[in-house]
Amino acid sequence: MSGVVGYIGDKNTVEVLVAGLHRIKGHDSAGVAVVNDQGVSAVKSLGKLENLEAKLAAQPVSGAVGIGHARWATHGVPNETNAHPHFDAADEIAIVHNGIIENYQELREALQQEGVTFRSQTDSETLVHLIRKYYTGDLFKAVQQALQGVKGAWALGVVCKNNPDVLVVARQGSPLVVGFGENEAFMGSDVSAIIKYTRDVVYLDHGQVCEIRCDGIKVEDLAGNAVTPEVIHVDWDDSAAEKDGFPHFMLKEIHQQPEVIRSTLRGRISDDGCSINLSDINISEEEIKACPRISIVACGTSWHAGMVGKYLIERFAKIPVELDLASEYRYRDPIVEENSIFIPVSQSGETADTMEAIRLAKSQGAKILAVVNTVGSSVARESHGVIYQQAGPEISIASTKAYTTQVTSFVLLTLWLAQIRGTMTQDQAKEMIEHLRTLPEKVQAVLENQDPIKALAGKPKYRDAQSAFFLGRDYNYPSALEGALKLKEVSYIHAEAYPGGEVKHGPIALVTNELMVVCVAPQGNIYDKMVSNIQAIKARAGLVISIATEGDDNIQAYSDDVLYIPECYEPFTPILVAIPLQLFAYYVATNRGCDVDQPRNLAKSVIVE
Ligand code: M6R
């Protein structure tokens, strides 16, 4: 999830581009390209935007049209070569791209066979060579034709030496907005990137290509059908625009989940929907077959995702999995069996405890296969293989989209392991994959029905609670842990999670008519047992909020309130129930006046032991 910007007009193009890039959160490198009398001039740099600004001050470039990019690496480590803009062989066409090209390997190989030399490891570079291939003087047409053979997601900006009065942009999946001024136009992956200059914007739709000139735009779909764009006036203030109109990054990131889960899945499911492709993760089939045990190690939310991973892998791939908190693993003299696989899970990829655990496991001969969000991070670099979550930068300290994409990554891994070890039939795998494909829409459905969650979080008995229990069983014990962590992090309400069956062994002594008890009870194998646990809480006057499956009216008899999720394949319920749990924590916290994006005492990356 990188960010793109573009400008055409009389202002100082580089200044406009850099101002736009400043609004894009979370990046590892940045670059700009402008069209001028010399051709297309570019400046790129690794790290913070200040590095790019320093370079631009030392080697200024100018032009009346330009594009810029802030990169969050997905393919290829962060370095200047992989930073955008990318160029064709003649250095005449430049592109910036946000998104993932699913079929880039095959496109790259085909282009290489035609004699094209690639300079970077990115999927994005494929696009510029394809555009060049179709370019005969009309940049708009070349982009349109090039994209017809491309699978994946893009917010794309293109400029060309021979078309100095044109900026071409295109969108599929990744957001892209075009803005208008007096004899000038802007482009950004986010309104916040251009709101300093304009509030009159057009949101491009999926599959549209747009030619931007100073005096107007032309929009068509990929097949060449003309589209009449609708101009919208945005009246957000500056800080709302940065958060895409949401009051906090946490809420913005909660709402990004359908999109980022799609990104996690992108390119992983075979066309026939029967198998999973993780062949790029650098662990061979032989290593998978020989593996006697998997060890999952992480901290906080990532550890909760790892617990769902354990349940999935043991159940479907039949490999024993042990799960550890990273800070415990390193001091308990763990036994690392020969040929075992060690899976660290980390959003930031910089967590000190997780890093130390990796070093220990590696020193004892384990193969390290990380689930990580941040490309080029320490965890990614230390690992033999990596599954990237593709959640994009997570700014809010309370992790939300990182969790659901970690769980989604474990679903993919489970299917892949089961496929290689032959522990699932093709029909079972196909069924699971069909359910997997429907997940983003189900997550979206929960997001669209959040009024009951908001209303619940406003009730004084919950908003002002001193203490809460979160209960769940099986796949949803980790959901309870994650729900409790979210609530305590952002609202400062004391919250504990237990497996539903464990409450009677002690914690039930704390149940009174003032204790809020959130019970995760979707339909599934363990549902009846969970209902018995809920009844035991209700019998002691606990304030029960149940999270149940739509149509389950039965549970209302034992609950003070019920929040519903759509019907869901049981192993994927942790992803779906995470959404009401996150929203409940968010709304309780905002009702209590807490600063949800910057909770007290917490840091986004915990880089100390
Ligand atoms: O970056 P990591 O995933 O390694 O971080 C692990 C934990 O520090 C993190 O999940 C933390 O618990 C979050 N604040 C949870 O919202």
Side-chain angles (χ1 to χ4, degrees), residues 26 28 72 248-254 256-257 260 264 296-309 323-330 342-359 368 370-383 386-410 470 478-493 495 497 574 578-579 581-586 588-589 594-609:
D28 50 58
W72 168 271
H248 298 99
F249 283 109
M250 181 177 176
L251 195 58
K252 172 181 171 183
E253 288 161 6
I254 289 173
Q256 284 179 325
Q257 289 174 108
V260 295
T264 311
I296 299 178
V297 175
C299 308
T301 288
S302 300
W303 181 71
H304 302 153
M307 192 181 294
V308 182
L323 174 77
D324 276 90
L325 286 162
S327 53
E328 285 296 302
Y329 180 82
R330 22 180 331 214
F342 179 94
I343 307 185
V345 190
S346 178
Q347 186 287 127
S348 63
E350 300 298 342
T351 302
D353 290 322
T354 308
M355 275 305 297
E356 289 307 322
I358 294 173
R359 289 188 183 121
I368 316 292
V371 174
V372 170
N373 194 32
T374 312
V375 178
S377 59
S378 306
V379 171
R381 291 198 311 272
E382 278 290 328
S383 301
V386 182
I387 301 175
Y388 286 112
Q389 299 173 219
Q390 309 291 7
E394 193 177 61
I395 309 298
S396 166
I397 285 185
S399 189
T400 54
K401 61 176 181 169
Y403 175 70
T404 46
T405 53
Q406 282 165 347
V407 176
T408 308
S409 302
F410 272 113
F470 282 71
S479 304
L481 285 163
E482 179 58 9
L485 182 64
K486 284 293 87 82
L487 187 72
K488 74 181 106 173
E489 277 185 301
V490 296
S491 77
Y492 313 139
I493 294 176
I579 315 300
L581 291 170
Q582 294 164 353
L583 287 168
F584 182 67
Y586 171 80
V588 168
C594 301
D595 180 356
V596 291
D597 279 341
Q598 292 290 330
R600 68 183 179 214
N601 306 339
L602 297 178
K604 186 66 188 159
S605 291
V606 186
I607 51 172
V608 289
E609 260 197 78

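Both ligands and their constituent atoms are indexed starting at 1 by order of listing.
Between E394 and the choices M250, Q256, Q347, the side-chain contact (heavy atoms from CB on, under 4.5 Å) rule is met once, by Q347.
Taking every heavy atom of S399 and a limit of under 4.0 angstrom, the matching atoms of ligand 1 come to 15 (C), 16 (O). Applying the 4.0 Å criterion to heavy atoms of K486 picks out, from ligand 1, the atoms 15 (C), 16 (O). Contact atoms of ligand 1 toward A398: 16 (O) (distance under 4.0 Å to a heavy atom of the residue). Every atom of ligand 1 is numbered from 1 in the order shown, and the set under 4.0 Å from a heavy atom of S348 is 1 (O), 2 (P), 4 (O). Every atom of ligand 1 with a heavy atom of S302 under 4.0 Å away is listed here by number and element: 2 (P), 3 (O), 10 (O). Residue-ligand proximity, T301 to ligand 1, at heavy-atom distances under 4.0 Å covers atoms 10 (O), 12 (O), 15 (C), 16 (O). Listed by atom number, the atoms of ligand 1 under 4.0 Å from I397 heavy atoms are 13 (C), 14 (N), 16 (O).
Here the closest non-hydrogen pair linking Y403 and P574 is CE2-O, 4.2 Å.
Nearest protein heavy-atom contact of atom 5 (O) of ligand 1 is T351 OG1, 3.5 Å. Scanning the protein heavy atoms around atom 8 (O) of ligand 1, the nearest turns out to be V606 CG2, 4.0 Å. The shortest contact between atom 7 (C) of ligand 1 and any protein heavy atom is with C299 O, 3.7 Å.
Take R359 and apply the side-chain contact (heavy atoms from CB on, under 4.5 Å) test, not counting sequence neighbours, and it matches M355, E356, E382.
A donor-acceptor pair under 3.5 Å is absent between the side-chain atoms of K486 and the main chain of Q582, judged by distance alone. One N or O on the side chain of T405 and one on the backbone of A402 form a donor-acceptor pair closer than 3.5 Å.
E350 and S378 are linked by a side-chain donor-acceptor pair at a separation below 3.5 angstrom, with hydrogens and angles left out of the test.
Here the two rings, on F584 and F470, have centers that are 6.0 Å apart or farther.
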| query | Between E482 and T301, does a side-chain hydrogen bond (donor to acceptor under 3.5 Å, both in side chains) hold up when you go through it step by step? | reply | CA-CA 6 Å; E482 179 58 9; T301 288; 3.0 Å; yes
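Geometrically, ligand 1 and E489 share a nitrogen or oxygen pair separated by less than 3.5 Å.
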